[in-house]
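Bear in mind the structure is a predicted one, so any value in this text is a computation, not a measurement. All values below were derived from every heavy atom in this structure, side-chain atoms included, with hydrogens, water molecules and symmetry-related copies excluded.
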Amino acid sequence: QLQLVESGGGLVQAGESLRLSCAASGRTFSTYAMGWFRQAPGKEREFVAAISRSGDNTYVADSVKGRFTMSRDNAKNTVYLQMKSLKPEDTAVYYCAAAWGLLQSSVVRTATQYIDWGQGTQVTVSS
């Protein structure tokens with residue numbers, strides 16, 4: 001099992017930026033593809049971004065394309081979500097997740113394929 005701890009959330013104004021981090025421990029980090037999801041109050045969990053094991057392939061949801069970027073540092077066992085031009089509709093709890101057993105360059109957009117999840121970090125964007 002991979003333990004995941006998110007950080008970097010907070011309260012910002014619309015148009016500002018935040019960078020979320022997710023630190024992993026417990027298993028070999030580079031064997032996991034990673035993803036970010038978010039859940040706003042009263043809404044279902046939503047896919048945000050994914051990155052392959054090697055970091056050479058990423059995918060972001062249309063709702064955040066051009067504003068959010070996902071990256072990873074396998075030497076630091078950490079993934080990041082750089083968020084720019086934040087909007088009030090980005091307000092949610094953001095979760096990182098890990099998927100095991102995939103090819104080096106595969107990305108995963110389906111929540112059910114992720115086996116380990118962090119506790120989440122709150123992002124609030126005021127208008």
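- A cation-pi arrangement is absent between Arg53 and Trp100, since the terminal nitrogen or guanidinium carbon is not both under 6.0 Å from the aromatic centre and inside a 45° cone about the axis.
- Listed by chain and residue number, nothing satisfies the ring-ring contact (aromatic ring centres under 6.0 Å, His included) test with Tyr94 (two or more places apart in sequence, or in another chain).
- Ring orientation note: the planes of Tyr114 and Phe37 are nearly perpendicular, at an angle over 60° on the 30°/60° scale.
- Inter-residue side-chain proximity for Gln39 and Tyr95 is flagged as met; some heavy-atom pair is nearer than 4.5 Å.
- Both Val93 and Phe47 sit in one connected hydrophobic cluster of ILVMFWY residues. Membership requires side-chain heavy atoms under 4.5 Å apart, directly or through other members.
- Among residue pairs with one or both ends in residues 6-22, none qualify as salt bridge (charged side-chain N to carboxylate O under 4.0 Å, His left out); sequence neighbours excluded.
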Less than 3.5 Å apart, which donor and acceptor atoms pair up between the side chains of residues 101-108 and the rest of the protein, not counting sequence neighbours?
from, atom 1, to, atom 2, distance (Å)
Ser105, OG, Asp56, OD1, 3.3
Ser105, OG, Asp56, OD2, 2.9

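- Across all non-hydrogen atoms, the minimal contact from Asn74 to Ser30 is ND2-CB, 3.7 Å.
- Side-chain contact between Met70 and Trp36 is present, with heavy atoms from C-beta onward closer than 4.5 Å.
- Shown here are the side-chain hydrogen bond (donor to acceptor under 3.5 Å, both in side chains) partners of Arg109, two or more places apart in sequence or in another chain: Tyr59.
- Following chains of ILVMFWY side-chain contacts shorter than 4.5 Å, one can reach Val48 starting from Ile115, so the two form part of one hydrophobic cluster.
- When atom types are taken as modelled, the side chain of Asp116 and the backbone of Leu2 share a donor-acceptor pair closer than 3.5 angstrom.
- Sorted by first and then second residue, the pairs that involve residues 43-127 and meet disulfide (SG to SG under 2.5 Å), not counting sequence neighbours, are Cys22-Cys96.
- The shortest distance between side-chain heavy atoms of Thr69 and Val60 does not fall below 4.5 Å.
- Remark: Lys65 engages Asp62 in a side-chain hydrogen bond (donor to acceptor under 3.5 Å, both in side chains) (not counting sequence neighbours).
- Under the rule for a side chain to side chain contact (heavy atoms under 4.5 Å, CB included), the partners of Thr58 that lie at least two apart in sequence or sit in another chain are Ile51.
- Of all heavy-atom pairs spanning Leu18 and Gln82, the tightest one is O-NE2, 3.5 Å.
- Under a hydrophobic-cluster definition in which Ile, Leu, Val, Met, Phe, Trp and Tyr are linked whenever side-chain heavy atoms come within less than 4.5 Å, directly or via other members, Met83 and Val12 are assigned to the same cluster.
- Under the rule for a side-chain hydrogen bond (donor to acceptor under 3.5 Å, both in side chains), the partners of Gln122 that lie at least two apart in sequence or sit in another chain are Thr124.
- The nearest pair of heavy atoms linking Ser21 to Thr78 is CB-CG2, 4.3 Å.
- Considering CE of Met34 and CG of Leu81, their distance stands at 11.5 Å, rounded to 0.5 Å.
- To the nearest 0.5 Å, atom CZ of residue Arg38 and atom CD of residue Glu89 are 8.0 Å apart.
- Across all their heavy atoms, Ala92 and Ala40 have their closest contact at CB-N, 3.8 Å.
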(request) Assess whether side chain to side chain contact (heavy atoms under 4.5 Å, CB included) is satisfied between Phe68 and Leu86, documenting all intermediate values. (result) CA-CA 9 Å; Phe68 290 14; Leu86 282 161; 3.8 Å; yes
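- Scanning both residues, Thr121 and Gly8, for their nearest heavy atoms gives OG1-N, 4.3 Å.
- Residues passing the side chain to side chain contact (heavy atoms under 4.5 Å, CB included) test with Thr112, sequence neighbours excluded: Thr110.
- The stretch residues 68-77 participates, sequence neighbours left out, in no salt bridge (charged side-chain N to carboxylate O under 4.0 Å, His left out) pair at all.
- The two atoms that bring Ala24 and Phe29 nearest to each other are CB-CD1, 3.4 Å, heavy atoms only.
- With sequence neighbours excluded, the residues satisfying side chain to side chain contact (heavy atoms under 4.5 Å, CB included) with Ser71 are Tyr80.
- With sequence neighbours left out, the side-chain hydrogen bond (donor to acceptor under 3.5 Å, both in side chains) criterion links Arg67 to Asp90.
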